[in-house]
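This report concerns only the one structure given below.
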Amino acid sequence: MFEIQYQLRFQPPLRFLHASPTPSPAVLLLDLRFPCRRFSRVRCCSGGGNGGSAKPQQLQQRRAYPFDEIEPRWQRYWEENRTFRTPDEDLDMSKPKCYILDMFPYPSGAGLHVGHPLGYTATDILSRFKRMKGFNVLHPMGWDAFGLPAEQYAIETGTHPKVTTIRNIDRFRSQLKLLGFAYDWDREISTTDPEYYKWTQWIFLQLLKRGLAYQAEVPVNWCPALGTVLANEEIVDGVSERGGFPVIRKPMRQWMLKITSYSERLLEDLDDLDWPESIKEMQRNWIGRSEGAELEFHVIGSDGQERGIKLSVYTTRPDTIFGATYLVVAPEHISLASLVPKEQEKQVEEYKELAARKSELERTDLQKEKTGVFSGSYAKNPATGESIPIWIADYVLGSYGTGAIMAVPAHDSRDYEFAVKYDIPIIRVVEPAGTSSNLDGPYVDDGFVINSSNMSSGLNINGLTCKEAAMEVIDWLERTGHGSKKVNYKLRDWLFARQRYWGEPFPVIFLNETGELVPLPESQLPLTLPELDDFTPTGTGEPPLAKATTWVNTIDPISGKPARRETNTMPQWAGSCWYYLRFMDPKNSTAIVNKDKERCIALSSLFLAQDMINIYELSLSGLNFYRYWSPVDIYVGGAEHSVLHLLYARFWHKVLYDIGVVSTIEPFQCLINQGLILGEVEYVAYRDAEGRLLSADSVSDVGEYALERIPVEKVTKAGDFYVLKDDPSIRLISRSYKMSKSRGNVINPDDVVSEYGADSLRLYEMFMGPLRDSKAWSTGGIEGVHRFLARIWRLVVGAPLPDGSYRKGTVVTDDKPTLEQLRALHKCIDKVSEEIQETRFNTGISAMMEFINAAYKWDNHPKPIMEAFILLLSPYAPHMAEELWFRLGHSSSLAYENFPEARTEYLKDSSIVLPVQINGKTRGTILVNEDCSEDEAFKLASLDEKLSKYLHGKAIKKRIYVPRRILNVILDQQKVHA
């Protein structure tokens, strides 16, 4: 049992409202004329309607319903009673499980904006729904809190990143609680907690043991200003995404993870995942499996003599070998120095320096102009026997294939652009079937091979299809020793180190005498970060941890010899690769996760007593059994994490599967990407040099004009376009932008909750449109949803009392529900249940709105009907639902009540079209139920707009009613009904 104190107030002006216990349509219409102001507190006079002025103490804030008192009260109740805690030891494993997870948020200093709760609200609805459907639900929350932003803020302000991180986490947590999300806060974790990153370090040691972690000298994106290596995704137009600092390419010794060893499994296992096909395709493209050939070209000097050097190239088009007119090697190719004669060294070094300033994304951008430099050497084409030049160009990457390609400009667009620019021969060796070979530009599709025969090499593939020719060339390469068939992947090993302080330390040391790498014993984990006051980059490439000399200099715990710790730290990806496992068992100090919690099998209660039953035999018999808690059943997050986070997490999971830590081959069974919530629509006009506004449809060269934002109050819609109110001839540009501080279009959810309540924000974000679509925020839209919730409140609680407060109970009745009411309810139940399961939350809300519209026309509102509706509402608007449930006489939370089930007998469409005659002449039709009575049919006819004009004011002589066939009303022509 629990007690709740009431001091409820009402928003709209009282002079428009009646004090009747049941709200009428008239009251409703008048109420809806007073929408909430945009994020402002409106205070109204609470005095009577006699024109007298109110005293200051009588001023009170008016609200459409008292969400400001309801929501904090129920949030306190949930927290104090740990309502959404998932039991650890006493979990009933005979029930099915549902593990619903949001992608790990990074707690930034800015806090949440209204775009963030979109995915969180969706998972909250699903978790509440599944809980009410009898599932054990795991719905946790934690923080991906290591990373560069906190460290950069520490450098700028002198605040320790730990302090900043704790403060940011506190803010995020309070904002999430403000929205009423049903997280199990007992399972909260942070990647910065030593008890968490102890297991991140443990996973690294397992990778190291299996040869999947190693050190190598690799070219990296080095940012001198930030003092760290950046991933390609952290660079925009050659500068760091954070801060806009220059980035260069330079070789550094780095930790690498051998994700390439899992390329084929990462590719194959995508097929069985319930993920968006677009995301799976992005992963396939990133892995980039291709089949082709690796072949060798003998290097020739400028004198035409072989130099004893072989250059290996990889190609996916061995069928075009006769069209290879030059080779290209990457600027960072390992054998480049041996290819360049002395007279070319200066030009080549200058080009290498230029290429080092570009990221890999810039280098491979198809739109960028191709650049290169001649190496000074040539190579012999093994098929033609001719010598072809070797060029150096940055559109070839040293990390893909062999770092060298055979260029076929007639059949590759990049090679074609390069050949045209540098006047290199272009030889066409493939032509489409039935088409003239005289084509402009490169032909990149399949066809038939031409110009591809050489008697001296013994290779003739003329007339073959491209596929046939490729197989023939590979066979020839293997017979002659010039090459072999090869499967290649674009996927490269994961660069797993950052030169920063705020990250997980590597659990390894290096002996001073020999430099030998020694892993720390697992018993010494976690290796914690030392306290540092200076986080600034060293400027030498050494990470900030190098400044902690007493921490760096240590003793090998096994040999007792002096050693140095690794001063790089792990990237931010590390902690987010496995957090879903820790949520299953967050307090475990002896294992990453208890196997019984990760993969425990629980049979239905029918078999719990039969201890000797063979589980394997039961599984073969087709009986249900449940696996706890792996895999994650529903994983929700942004599409921006579609490649790297998901790929890295899948890689680590497969390693853990191989060593017996987890029982599933994939971590996330179902993936849902929510769309973006953009800022409110902005309206822009063009202004010329004379200061005149121009219509958007009259501007051709937009670069000549200035853009000017137009306030929304000066805009109106004309047909399909928006125009100036004062001058409709000026058509405006209307569009929404991603929320950002720089545009000033960020909307803080705290402000929205203060003005409209958390339930309104939740409901609106789901009502805006399909979860996966992007959509623009609209203040007018949330006002409409807020009024909908107010209608529900008044329907159950009644209109406000004269002083603006509400009765303690409800106005629902003990009447028996009518067939009409039951049909409306079960239609709503059926629709809402289906739409939640299909994550079409917006149409589920529409079904509830339709029900409420119907309910306002009823003469009474029976308790069983309204109770069931409140349970339907609860996943969407849990605060209001809990309050109404309590007011209906229930003493405990509805969180674990059974979700209503639709009954088929009330879903059948038993409506028929009944013809209505007046004096024997058909005047219209009405829609009635099959078992409609004569009185009900006549009442419907009297209310029909078309038929009522024949009946109004007329005396009825008699009525002839044939059920399901006809209603005939005979009027008394001699009398007029009073």
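In what follows, every heavy atom counts, from backbone to side chain, and hydrogens, waters and symmetry copies are set aside.
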TODO: Quick one: do Glu713 and Lys725 satisfy salt bridge (Lys or Arg N to Asp or Glu O under 4.0 Å)? Show the steps, please.
DONE: CA-CA 8 Å; Glu713 59 270 16; Lys725 275 184 181 178; over 6 Å; no
- [ ] Any chance you could lay out the side-chain contact (heavy atoms from CB on, under 4.5 Å) test for Trp573 and Arg498, step after step, and finish with the verdict?
- [x] CA-CA 11 Å; Trp573 304 105; Arg498 295 291 185 270; 4.2 Å; yes
Open item on the list: Would Tyr764 and His786 count as a ring pair (Phe, Tyr, Trp, His ring centres under 6.0 Å) here? Give the steps.
Closed with: CA-CA 8 Å; Tyr764 174 59; His786 185 63; over 10 Å; no
- [ ] Apply side chain to side chain donor-acceptor pair (under 3.5 Å) to the pair Arg167 and Thr159, showing each step before the final yes or no.
- [x] CA-CA 11 Å; Arg167 181 171 63 236; Thr159 308; 5.3 Å; no
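Side-chain contact between Leu732 and Val723 is absent, with no heavy atoms from C-beta onward closer than 4.5 Å. The shortest side-chain heavy-atom distance between Asp102 and Tyr183 falls under the 4.5 Å cut-off.
A cation-pi arrangement is not found for Arg414 relative to Tyr416, the charged atom failing to lie both closer than 6.0 Å to the ring centre and inside a 45° cone about the ring normal. Remark: Arg687 fails to qualify as a cation-pi partner of Tyr705 under the 6.0 Å distance and 45° angle criteria applied to the six-membered ring.
A salt bridge is absent between Asp720 and Arg731; no separation between the charged side-chain nitrogens and carboxylate oxygens falls under 4.0 Å. Salt bridge absent: Arg735 and Glu682 never bring a charged side-chain N and a carboxylate O closer than 4.0 Å. Ion pair Arg762/Asp124 flagged as a salt bridge, since at least one NZ, NE, NH1 or NH2 atom sits closer than 4.0 Å to an Asp/Glu carboxylate oxygen.
Under the 3.5 Å distance criterion, the side-chain polar atoms of Gln75 are matched with a main-chain donor or acceptor of Leu178. Listed for the Glu765 side chain is a donor-acceptor partner under 3.5 Å among the backbone atoms of Leu118.
Atom CD of Glu850 has 12 or fewer neighbouring heavy atoms from other residues, nucleotides or ligands inside a 6.0 Å radius.
Relative orientation of the Tyr876 and Phe841 rings is perpendicular, given thresholds of 30° and 60° on the angle between their planes. A tilted orientation is assigned to the rings of Tyr635 and His645, their planes being inclined by 30° to 60°. Taking the six-membered ring for Trp and thresholds of 30 and 60 degrees, Tyr422 and Phe418 have ring planes inclined between 30 and 60 degrees apart.
Residues that satisfy the side-chain hydrogen bond (donor to acceptor under 3.5 Å, both in side chains) test with Glu277, not counting sequence neighbours, are Arg284.
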